[in-house]
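These notes are about the structure you will find just below.
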Amino acid sequence: MNFKRTIELSNVSINMILFFGTKSGKPIIKKLRGVSCSYCRQQDTLTAKVQPNYFHLFWIPLFKIGTSRFAECSHCRRAFYKEEFSEEMMRQID
């Protein structure tokens, strides 16, 4: 006798969940020396925070998608975003 087994895969479905998204990386905080606040004119009061953003798959960062830049004056508490940075501030951060 000759037995033959046939397996049909047409009714088999495979379900898979992918976890992906964006996540902030480790922030770099830097004191801006010799730079004065353009709002209150106090010198050496600015602190900059640079934070990369990553695309991740299963909570593993794969590639950088952007960088957030922000500065704050410790005297007047004025916040500065990247678009508001002076040339002095950009030189110190980069």
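What you are looking at is a predicted structure, and each value in this text was computed from that prediction instead of being measured. Values reported hereafter were calculated over all heavy atoms of this structure, with side chains retained and with hydrogens, waters and symmetry mates removed.
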Enter the distance from [X]:[atom1] to [Y]:[atom2] here, rounded to the nearest 0.5 Å.
X: Ser36; Y: Asp44; atom1: OG; atom2: CG; answer: 9.0 Å
X: Thr67; Y: Ile93; atom1: OG1; atom2: CD1; answer: 11.5 Å
X: Tyr54; Y: Lys23; atom1: OH; atom2: NZ; answer: 12.0 Å

Tell me the closest heavy-atom pair linking [X] and [Y], and the distance in Å.
X: Phe58; Y: Ile17; answer: CZ-O, 3.4 Å
X: Gln51; Y: Pro27; answer: NE2-CD, 3.9 Å
X: Pro52; Y: Lys64; answer: CB-CD, 3.7 Å

So does [X] have more than 12 non-hydrogen atoms from other groups sitting under 6.0 Å from [atom1]?
X: Leu18; atom1: CG; result: yes
X: Phe55; atom1: CZ; result: yes
X: Lys30; atom1: NZ; result: yes

State plainly whether one hydrophobic cluster holds both [X] and [Y], where clusters connect Ile, Leu, Val, Met, Phe, Trp and Tyr through side-chain heavy atoms under 4.5 angstrom apart.
X: Phe20; Y: Leu62; value: yes
X: Leu46; Y: Met90; value: yes
X: Val50; Y: Val35; value: yes

Kindly indicate, with the supporting measurements, whether the criterion side-chain contact (heavy atoms from CB on, under 4.5 Å) is fulfilled by Trp59 and Phe19.
CA-CA 7 Å; Trp59 300 281; Phe19 292 100; 3.5 Å; yes
Distance alone, cut at 3.5 Å: any donor-acceptor contact between the side chains of Thr22 and Asn53?
no
What do the steps show when you test Ile29 against Thr47 for side-chain contact (heavy atoms from CB on, under 4.5 Å), and what is the final call?
CA-CA 7 Å; Ile29 298 172; Thr47 304; 3.5 Å; yes
Donor-acceptor pairs are to be reported for all side-chain atoms of residues 74-86 against protein atoms at under 3.5 Å, with residues two or more places apart or in another chain.
{"from": "Ser74", "atom 1": "OG", "to": "Thr45", "atom 2": "O", "distance (Å)": "3.2"}
{"from": "Arg78", "atom 1": "NH2", "to": "Glu84", "atom 2": "OE2", "distance (Å)": "3.4"}
{"from": "Glu84", "atom 1": "OE1", "to": "Tyr81", "atom 2": "N", "distance (Å)": "2.9"}
{"from": "Ser86", "atom 1": "OG", "to": "Met89", "atom 2": "N", "distance (Å)": "3.3"}

